[in-house]
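A quick write-up on the structure given underneath.
Nothing here was measured: the structure is a model prediction, and the numbers come from that model. Along the sequence shown, residues carry numbers from 1.
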Amino acid sequence: MTTRQTSRPSAAAKPVRWAADAVSALREGARVRLDYSAQSLWRVDRLIEEIRREGAPYAAVETVLRGLGAYAGEVVVRQAGAEWWTSGGEHWVRTPDGRLWDPVDEARRCFAGDGSLRLLCRDATGTVRH
């Protein structure tokens, strides 16, 4: 039996803000709406791919990637009942089965051409989304 917390743990403060900032920036700047659904991660993967194809230097997009990774982590938190964990300035998502996921690093891997936030979410939540 799982009980739902009424307040988020302090480890969630930064990644939740990063995710909200990314959602807001994309809505205002690119007219892209993200709704914290697993399906929205298809769009996020495509956005990161577009940024990579444009040849943007990593330093110029590091904050955006952090926000998009945090967004993916927040999708996992909401879909799987997971929670944010932090240590040494790094943030992970811990799913109820005890596994740790690093969606911010996965966003960096996407930018490098070797990752997928959609697949991370699928694996972390244990669901297949078509």
Side-chain angles (χ1 to χ4, degrees):
M1 182 164 148
T2 314
T3 58
R4 184 155 177 90
Q5 291 182 317
T6 55
S7 65
R8 303 287 298 268
S10 62
K14 284 185 179 179
V16 168
R17 186 179 70 241
W18 297 334
D21 288 348
V23 168
S24 178
L26 286 171
R27 183 180 60 242
E28 300 302 320
R31 303 265 191 254
V32 173
R33 295 208 181 276
L34 298 176
D35 61 4
Y36 292 95
S37 68
Q39 294 84 358
S40 70
L41 294 175
W42 283 89
R43 182 174 296 138
V44 174
D45 277 348
R46 286 194 310 265
L47 285 168
I48 294 172
E49 173 64 21
E50 288 173 21
I51 293 168
R52 184 171 70 79
R53 277 197 316 252
E54 289 172 1
Y58 176 76
V61 297
E62 182 176 7
T63 301
V64 172
L65 294 173
R66 182 184 69 191
L68 294 174
Y71 172 80
E74 191 60 15
V75 170
V76 172
V77 166
R78 294 177 185 198
Q79 298 282 326
E83 61 185 341
W84 283 101
W85 282 55
T86 185
S87 176
E90 297 293 321
H91 294 82
W92 299 279
V93 171
R94 184 176 182 269
T95 48
D97 62 8
R99 293 181 296 168
L100 290 173
W101 304 86
D102 190 344
V104 174
D105 187 58
E106 190 68 14
R108 293 181 194 121
R109 289 169 33 95
C110 289
F111 182 69
D114 186 34
S116 169
L117 293 171
R118 178 185 58 82
L119 294 178
L120 178 137
C121 179
R122 184 198 66 191
D123 292 347
T125 61
T127 59
V128 176
R129 305 243 183 230
H130 299 285

Scan the side chains in residues 14-34 for donor-acceptor partners under 3.5 Å anywhere in the protein, sequence neighbours excluded, and list what turns up.
none

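- For the atom pair CZ (Arg94) and CH2 (Trp85), the distance works out to 4.5 Å, reported to the nearest 0.5 Å.
- Heavy atoms only, all atoms of each residue included: Gly73 and Pro103 are closest at CA-CG, 3.5 Å.
- Rounded to the nearest 0.5 angstrom, Glu106 CD and Ile48 CD1 are separated by 9.0 Å.
- When Val75, Leu41, Asp123, Val44 are each tested for a side-chain contact (heavy atoms from CB on, under 4.5 Å) with Arg118, only one passes: Leu41.
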Name the atoms and distances for all side-chain donor-acceptor pairs under 3.5 Å in residues 53-62, with sequence neighbours left out.
| unit_1 | atom_1 | unit_2 | atom_2 | d |
| --- | --- | --- | --- | --- |
| Tyr58 | OH | Arg108 | NE | 3.1 |

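- In this structure, OG in Ser37 is found 7.0 Å from CD in Gln79, a value given to the nearest 0.5 Å.
- If you take CZ on Arg109 and CG on Leu120, they are separated by 9.0 Å, rounding to the nearest 0.5 Å.
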Going through the checks in order, is the side-chain contact (heavy atoms from CB on, under 4.5 Å) test met by Ser87 and Trp92?
CA-CA 9 Å; Ser87 176; Trp92 299 279; 3.6 Å; yes

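- For Val93 against Ala82, the heavy-atom pair with the smallest separation is CG1-CB, 3.5 Å.
- Closest approach of Ala80 to Thr125, counting heavy atoms only: CB-CG2, 3.8 Å.
- Of the possible polar contacts, one joining the Asp45 side chain to the Leu117 backbone as a donor-acceptor pair under 3.5 Å is found.
- The side chain to side chain donor-acceptor pair (under 3.5 Å) pairs that include a residue from residues 63-72 are Ser40-Tyr71, where partners are two or more places apart or lie in different chains.
- Leu47 is connected to Val64 through a chain of hydrophobic side-chain contacts under 4.5 Å among Ile, Leu, Val, Met, Phe, Trp and Tyr, so both are in one cluster.
- Rounded to the nearest 0.5 angstrom, Glu50 CD and Arg43 CZ are separated by 11.0 Å.
- Using a 4.0 Å cut-off between charged side-chain N and carboxylate O, Glu49 and Arg52 make a salt bridge.
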